[in-house]
Amino acid sequence: MQHLSGMPPIDFAAALNEDQYRAVTAADGPALVLAGAGSGKTRTLTYRVAWLLTQGVHPWEILLLTFTNKAAREMLTRIEDLTGVPRSDFWGGTFHSVGQRILRKHAQILELDRNFTIMDAGDADSLFNEIVKTHDPVFAKDKNMPKPRVILDALSFARNTRRPYAEVFSSRFTWLPEEERARLLDFAAAYQAAKRTQALCDYDDLLELWLELLQKDTAVRESYQRRFRHILVDEFQDTNKLQGNIVDALAGHHQVMAVGDDAQCIYTWRGAEFANIADFNARHPGTSIHKIEINYRSTPEILNFANGILANQEGGAGFSKTLRPVRPSGIRPFVVPALDATEQALFVVRCVRGLLDSGRSLGDITVLYRAHYQAMELQMELTRHDVPFVITSGVRFFEQAHIRDLVAQLRFVHNPADIVAFTRLMALLPKVGPKTAGRILELARQEAASKGIPLLAALSAKKIEAKVPEGARGDFVDMVLTLQNMEEAVRGPDAPPRTPASGKIQNYELAIGDDAPPAQKAPATAEHHVVKTPAEVLRIGIDGWYGDYLRNIYENWQDRRDDLDSLVAFASKYTDINELLAQLVLLNSETGDKSVEADPDTLRLTTIHQAKGLEFPVVIVLGCVEELFPIKRAIEANDVSEERRLFYVAATRAMDELYCVCPKIVKTGGPPRVLDTSRFIMELPSDTYETLHLSRMRG
């Protein structure tokens, strides 16, 4: 066995388990390493690099591709610590960082300025926005058209998945006429041309142009194949088709080792290509497959539960693997039936208290969920019970922009003196700021006072509309109409006009996250004719102007729509708007998020996607029922394979204890309905878990 000068001898057999050792010492040729959850994937990659060095491979002949800069730094640091070889001697980094390095060296082949500037996401948005406004001002002002950043997101998805632009635009923007979708193709072409003219590259260019270079110039491709005698790719299950094509082009010699876990491929919705790992052998004949199945994370009982999840996947849906434990036996996972989201939240609070009484800390416990809105009730209960928590998958539910937007509509309809709410809504329109919003509201107040009409009726006056910037008028008219419909639902068509008192409009701040002192809060109002419930009024807001706004502004509008449906379900508990709005304020002002770094003794709440790659002593999974997990859209598409993998990822985050909570009655997205326990649990043998009835809860 050869050793580089200064490299310490390494006893690979002693340092690795049998699975890892076979992968690390694999013979030359293509290799696919299927590293199960908690099996030491990073350790395997690190020792593979060290093994290659002992076989006479030079550091600069190894290309290590990762997904994040953090992962690259961690990997190269471990390699340096193990081998003593400086990390700078290796070619290692993210796909994008390696791509830009190669592009600058061969830019002239693609007629690209080698000093090109790399745009960040904000720069790309700004450029594309200008393209749309310049090429079609009418399109840019049309409220029914998707906003530039939404179009750009679809364009990026098409580029990374190597799908035709027209195909992606048709699937993303089903409501657009065909001729309008054709305009999107014009914008895409103009965007590409503008980048070349200005010597700019966005993130996707770094990959697309890299692949183009490898495909266009045989000499360049072969030179890098000779240069990189061995190519190692981390998290291969997360590569998209564009990245997979780059790996295949570089690895024409088939000296490539792809490391990943097909069972943890959970990002196809954003472009990950499952076939990259599933069809690896077809693209690289003679592939040796190495399974690393020894799990150092979880108890045998949790692994038995997780193995059962994968055992029920459809045939051909992935490689078979059975995680094997090394840890001593523990307790079986718990399946916890609950009546609804409220009882689910109360269970979590009581469970947490019981765990604390048994010696656990809050930092040992993590709550996972399929979608952000599913943790809404829990956030409220934790706040009520003074349990500190941090959300690592985004902001608190009620502080999300789209939630605050919808609540602002309800606030303004309920209290026309609420200039804060009106200003927030007006700021959603193009070219409208606080000063413009204030002038418009003051003019409307004067119009309402002079004619003795409600303020919202005055907002429809032509003289008011004329003060709105031209590009925002269409949205303004639709917004006012929705607000008027909401007001009629609140007060009834025959209710007396309600206008703000004469004089300056007060800055009332009954708002989520607004901490105005009590003296500034909106005063209690006289009883009025309530025709519809607060939940029904909110539904009018969602189905009106704001629903279209959401679809055209956000690329993840469906997820945000689910959040709004969840808010309606929350509002259904209240018959009085004052009480609803007051509760929203109190729940969000009593306690704020704390950072994990500032206080590790804090309960963590996060989506399963955000938790991938992490581990926690105790895991509580919410919403383990049909339509929530698997999520309804996947069931309707008759494709729950990725949902199953996601459930597997959730289960394998747990080290010692796992709780799966199943709320039977769900109110989001329509009237209350009874849901079945998730198929992922019902398919499991009953001896893989214990049913924990609420009467037996600890604490």
Side-chain angles (χ1 to χ4, degrees), residues 1-4 7 9-66 71 75-76 78-79 82-83 85 90-92 224-239 243-244 246-265 276-296 318-324:
M1 189 175 293
Q2 302 177 27
H3 293 277
L4 291 179
M7 178 175 166
I10 300 172
D11 187 342
F12 289 92
L16 304 166
N17 65 41
E18 291 183 5
D19 289 352
Q20 294 169 339
Y21 182 78
R22 281 192 291 268
V24 164
T25 61
D28 287 355
L32 179 61
V33 179
L34 300 169
S39 63
K41 171 181 64 65
T42 302
R43 185 177 185 83
T44 301
L45 268 172
T46 301
Y47 275 82
R48 174 63 175 178
V49 173
W51 173 263
L52 292 175
L53 295 178
T54 67
Q55 305 306 299
V57 179
H58 296 292
W60 51 86
E61 294 176 318
I62 301 171
L63 174 63
L64 178 63
L65 293 171
T66 63
M75 190 78 66
L76 292 173
R78 289 195 187 191
I79 292 170
L82 177 64
T83 66
V85 178
F90 296 93
W91 269 69
Y224 281 106
Q225 290 172 352
R226 290 191 298 271
R227 170 67 182 270
F228 301 130
R229 290 175 54 193
H230 289 270
I231 299 170
L232 284 73
V233 189
D234 190 19
E235 300 288 7
F236 196 64
Q237 77 280 346
D238 292 336
T239 53
Q243 292 162 329
I246 290 171
V247 171
D248 291 344
L250 286 170
H253 49 43
H254 302 303
Q255 299 298 331
V256 55
M257 176 176 281
V259 182
D261 184 3
D262 57 304
Q264 296 188 70
C265 180
N276 281 353
I277 198 167
D279 300 337
F280 187 81
N281 184 50
R283 300 191 311 280
H284 298 282
T287 293
S288 61
I289 297 178
H290 305 272
K291 298 179 182 180
I292 304 179
E293 299 174 310
I294 298 176
N295 176 284
Y296 294 91
F319 298 93
S320 62
K321 284 189 298 299
T322 301
L323 296 177
R324 308 195 304 275

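The first residue in the sequence is number 1, and the count goes up from there.
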Exam field: side chain His284 to backbone Met257, donor-acceptor pair closer than 3.5 Å
no
Distance in Å, Arg43 CZ paired with Ile292 CD1, rounded so as to fall on 0.5 Å steps
11.5 Å
By the definition side-chain hydrogen bond (donor to acceptor under 3.5 Å, both in side chains), identify the one residue from Lys41, Lys291, Lys321 that meets it with Asp261.
Lys321
Using modelled atom types only, decide if a donor and an acceptor are shared between the side chain of Arg227 and the backbone of Leu63 within a distance under 3.5 Å.
no
Could I get the full list of side chain to side chain contact (heavy atoms under 4.5 Å, CB included) partners for Arg283, not counting sequence neighbours?
Phe236, Asp248, Asn276, Asp279, Phe280
In chain order, what residues pass the side chain to side chain donor-acceptor pair (under 3.5 Å) check against Ser288, with sequence neighbours excluded?
His290
Separation between OG1 of Thr287 and CD1 of Ile289, rounded to the nearest 0.5 Å
7.0 Å
What pair of heavy atoms forms the shortest contact from Ser39 to Tyr296, and how long is it?
O-CE1, 4.2 Å
Could you walk me through whether Thr239 and Val247 pass the side chain to side chain contact (heavy atoms under 4.5 Å, CB included) test, one step at a time?
CA-CA 10 Å; Thr239 53; Val247 171; 5.6 Å; no
The reported gap from CZ in Phe228 to CH2 in Trp91 (rounded to nearest 0.5 angstrom) is 4.5 Å
Which distance, rounded to the nearest 0.5 Å, do you find between the CG of Leu82 and the CD1 of Ile10?
4.0 Å
All heavy atoms of Ile231 vs all of Val233, minimum pair found to be CG2-CG2, 4.1 Å
Classify the side-chain pair Glu235/Gln237 by whether it contains a donor and acceptor separated by less than 3.5 Å.
yes
For Pro285 and Pro30, the nearest pair of non-hydrogen atoms, with its separation, is O-CG, 3.6 Å
Minimal heavy-atom distance between Asp262 and Ile277, with the atoms involved, is N-CD1, 3.8 Å
Euclidean distance, Ile79 CD1 relative to Leu52 CG, rounded to 0.5 Å
9.5 Å
Answer whether the closest heavy-atom distance between the side chains of Leu32 and Asn281 falls below 4.5 Å.
no
Determine the minimum heavy-atom distance between Asp238 and Gln243, stating which atoms define it.
O-OE1, 4.2 Å
Is a side-chain donor or acceptor of Arg48 paired with a backbone partner of Ala26 at a separation under 3.5 angstrom?
yes
Which value, rounded to the nearest 0.5 Å, describes the distance between Thr25 atom OG1 and Leu16 atom CG?
8.5 Å
Trace of the side chain to side chain contact (heavy atoms under 4.5 Å, CB included) decision for Thr83 with Val49
CA-CA 9 Å; Thr83 66; Val49 173; 5.8 Å; no
Between Phe90 and Leu64, does a side chain to side chain contact (heavy atoms under 4.5 Å, CB included) hold up when you go through it step by step?
CA-CA 8 Å; Phe90 296 93; Leu64 178 63; over 6 Å; no
Side-chain touch Leu53/Ile62, heavy atoms, less than 4.5 angstrom
yes
Which heavy atom of Leu323 sits nearest a heavy atom of Gly36, and at what distance?
CD2-CA, 3.8 Å
Residues forming a salt bridge (charged side-chain N to carboxylate O under 4.0 Å, His left out) with Asp19, sequence neighbours excluded:
Arg22, Arg324
Looking only at atom types and distance, does a side-chain atom of Gln255 sit under 3.5 Å from a main-chain N or O of Gln225, one as donor and one as acceptor?
no
Should the pair Arg229-Asp28 be classified as a salt bridge under the 4.0 Å nitrogen-to-oxygen rule?
no
